[in-house]
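Quick notes on the structure that follows.
Counting starts at 1 for both ligands and their atoms, following the listed order.
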Amino acid sequence: MVRYVSTRNRNLSLPAHEAVISGLAPDGGLFTPDAVDRIHIDPADLLKCTYQQQAAAIIGALFDDYSEEQIRNCTEGAYDSKFASEDIVPLRPFRDGWLMELWHGPTSAFKDVALTILPRLLSTAYQMDGRDDTIAILTATSGDTGKAALSGFADVPDTAITVFYPEVGVSEIQRLQMQTSPGNNVEVIAVKGNFDDCQRMVKEAVSSPLVRDACRHVTISSANSINIGRLVPQIVYYYHAYTELVNSGAVRCGDRINFSVPTGNFGDILAGWLAACLGLPVGRLICASNRNNVLTDFIRTGTYDVNRDFHTTMSPSMDILISSNLERLLFMLSSQDDTLIRDLMEKLKTEGTYTVPEEIHAKIGEMFSAYWTNEDECAETIRTVYERDGILIDPHTAVALHAMYSYQEESGDTRPCVVLSTASAYKFSRDVYRSLSGSNEPDDLKAMQKLQELTGEAVPENLAHLHELPVRFTKSIAVSDGLETIARRMKELSHD
Ligand SMILES: *Cc1c(COP(=O)(O)O)cnc(C)c1O
């Protein structure tokens, strides 16, 4: 049976379903699978499978305390007509590679791939344990997770969800998507701070006595990528891209391919690394960042240093300085050295910086390359790809595409490369419209209209009707009021 081990205490390990319920470990660690090199998943066995079947095989192998039927119910319930593409994550060829479009789900962002299934994995876990308390989902968002989580959890029995987003930073469309969310169990709160403040608040809530004392028959969990129930479903699309390329004759089964991944919290790219550990022939994982290039520096030097300015960019889902999931990579690469991880994370908290031992840095370099893209390069990439290939991409995807070109130029590596396309361009209409037309339209909704007129590409259904929905949530709090706000909410949800 696969155990999920806390990165800060290797003696604390849980079976998958309990790790899914728990989200974060009580010691602040992240649950990490202990068996990825014991399990082998050969892409050759998945060539004839649908996306749903691949998902059942891969998630089932890692979440092996769920029954086959339970996993199948989860994958089939999640990956259905909620996705506008029958392929779930279609692969789109362009001149220099492939874009894997991960944004055809209900909220037009790649987070849907994991957040359509997480509520199902969670409720199933609850049934397994016969529990009757309310699951309170606390979620910090830099823009896309919030809406995807709200959509995934809306009116799911025995759950309630509260989303915290930075008041300045998310796009107007992202904000409206959240503020207009339906459901009787949802709450959305703006925070006068940035994403890192929101994420810290949610992490601290788990171990805060104030919050804990407020919970009666309430269990706090998380929909952030610190929850292993989000990470594992993301492994699937790396396999899916690979089998598509083999089936189309572009790649021979067994040959390695590269992936370029726009990275914020290091969840998406870590799923790619887990895929490689399970046996997917991966050459390079290109870690793409925007101006908040803390990961670029880390991967190149081995020193993680958040003592730098924070920038708001047109790829807000990557405006992050503390990439939580990196902790999982370091834990696995250090053969579960929990003492080292505790020490590094303590340094990060007190000094804002740490340096990993050289052998770990060297191991990172065997698989990861890192590049960052500035705002002008991002805009130019959006324009070039549209003019040259007729493809409309969002700023996050542009950052990844630009990183792919930088990597290929520097390394000369011409292996097939899949670029992860993580959001619909319409979620960032203002910036994409400006990048394409050179003119400014400050109103995001008007920009969406103009972008459609300019390109003729259909606006995804969920965004097209956004302006007609009533705004339900306008509350805004200071960072310092976070724990008290959460405690109050937990009291409301408490019962005997
Ligand atoms: C969340 C997000 C990312 C970054 O993914 P991580 O798992 O946080 O690294 C990139 N692009 C978009 C559009 C996102 O929503």
Side-chain angles (χ1 to χ4, degrees), residues 30 89 99-115 118 139-151 163 165-166 169-171 173-174 177-178 195-196 198-199 222-228 230-235 237-238 259-274 285-290 292-296 298-299 313-329 368 370 372-373 378 382 393-403 419-429 431-432 460 463:
L30 306 185
V89 292
L99 290 163
M100 175 158 49
E101 293 184 342
L102 300 171
W103 44 264
H104 293 280
T107 76
S108 304
F110 100 93
K111 305 287 196 293
D112 286 326
V113 180
L115 283 164
L118 179 66
T139 294
T141 185
S142 55
D144 286 335
T145 294
K147 179 59 190 183
L150 289 161
S151 156
V163 167
Y165 70 93
V170 304
S171 82
I173 289 173
Q174 288 177 315
Q177 277 188 303
M178 291 189 273
F195 171 74
D196 292 314
C198 299
Q199 177 155 268
S222 168
N224 281 98
S225 54
I226 53 181
N227 192 315
I228 193 68
R230 245 188 82 179
L231 207 54
V232 166
Q234 294 182 355
I235 298 171
Y237 50 72
Y238 285 90
F259 291 92
S260 185
V261 189
T263 305
N265 224 356
F266 211 76
D268 200 0
I269 196 165
L270 185 69
W273 188 75
L274 289 171
L285 292 170
I286 302 161
C287 174
S289 300
N290 62 26
N292 297 296
N293 55 2
V294 61
L295 282 167
T296 319
F298 171 69
I299 288 172
T313 71
M314 59 172 132
S315 46
S317 300
M318 298 153 74
D319 290 345
I320 290 176
L321 290 181
I322 300 186
S323 288
S324 293
N325 280 293
L326 188 59
E327 183 172 338
R328 285 188 163 117
L329 179 70
F368 293 91
W372 70 279
T373 302
C378 180
I382 293 171
I393 60 172
D394 95 291
H396 303 77
T397 308
V399 166
L401 182 56
H402 189 267
V419 177
L420 273 62
S421 175
T422 48
S424 159
Y426 284 110
K427 283 195 91 163
F428 306 95
S429 291
D431 291 313
V432 174
L463 300 178

Numbered atoms and elements of ligand 1 in range of Ala423, under 4.0 angstrom, heavy atoms:
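Near Ala423, meaning under 4.0 Å from one of its heavy atoms, ligand 1 has 13 (C).
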For ligand 1, which atoms, with element, lie under 4.0 Å from some heavy atom of Lys111?
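So the atoms of ligand 1 that pass are 1 (C), 2 (C), 3 (C), 14 (C), 15 (O).
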Pairs of nitrogen or oxygen atoms closer than 3.5 Å, one from [X] and one from ligand 1: do any exist?
{"X": "Asp268", "value": "yes"}
{"X": "Gly264", "value": "yes"}
{"X": "Gly267", "value": "yes"}
{"X": "Ser225", "value": "no"}
{"X": "Ala109", "value": "no"}
{"X": "Thr422", "value": "yes"}

Below 4.0 Å from ligand 1: does a non-hydrogen atom of Pro262 turn up there or not?
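Heavy atoms of Pro262 do come under 4.0 Å of ligand 1.
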Backbone N or O of [Y] within a donor-acceptor pair of the [X] side chain at under 3.5 Å?
{"X": "Ser260", "Y": "Ala400", "answer": "yes"}
{"X": "Asp319", "Y": "Thr313", "answer": "yes"}
{"X": "Ser225", "Y": "Leu231", "answer": "no"}
{"X": "Asn224", "Y": "Ala140", "answer": "yes"}
{"X": "Asp394", "Y": "His396", "answer": "yes"}
{"X": "Asn265", "Y": "Ser324", "answer": "yes"}
{"X": "Ser317", "Y": "Gly264", "answer": "no"}

Nearest heavy atom to atom 15 (O) of ligand 1 wins, so pick from Asp144, Asn325, Thr263.
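Comparing heavy atoms across Asp144, Asn325, Thr263, the nearest one to atom 15 (O) of ligand 1 lies in Asp144.
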Compute the ring centroids of Phe298 and Phe266, then answer whether they are less than 6.0 Å apart.
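Aromatic pair excluded; centres sit 6.0 Å or further apart.
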Counting only heavy atoms, which portion of Trp103 has something under 4.0 Å from ligand 1: side chain, backbone, both, or neither?
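Neither; nothing of Trp103 gets under 4.0 Å from ligand 1.
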Taking heavy atoms and a distance under 4.0 Å, where does Lys427 meet ligand 1: side chain, backbone, both or neither?
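The answer is neither; Lys427 stays 4.0 Å or more away.
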Heavy-atom nearest neighbour in the protein, as seen from atom 6 (P) of ligand 1, with distance rounded to 0.1 Å:
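Result: Asn265 N, 3.6 Å.
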Indicate whether any N or O donor in one side chain lies under 3.5 Å from an N or O acceptor in the other, for Arg328 and Asn325.
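Per modelled atom types, Arg328 and Asn325 side chains form a pair under 3.5 Å.
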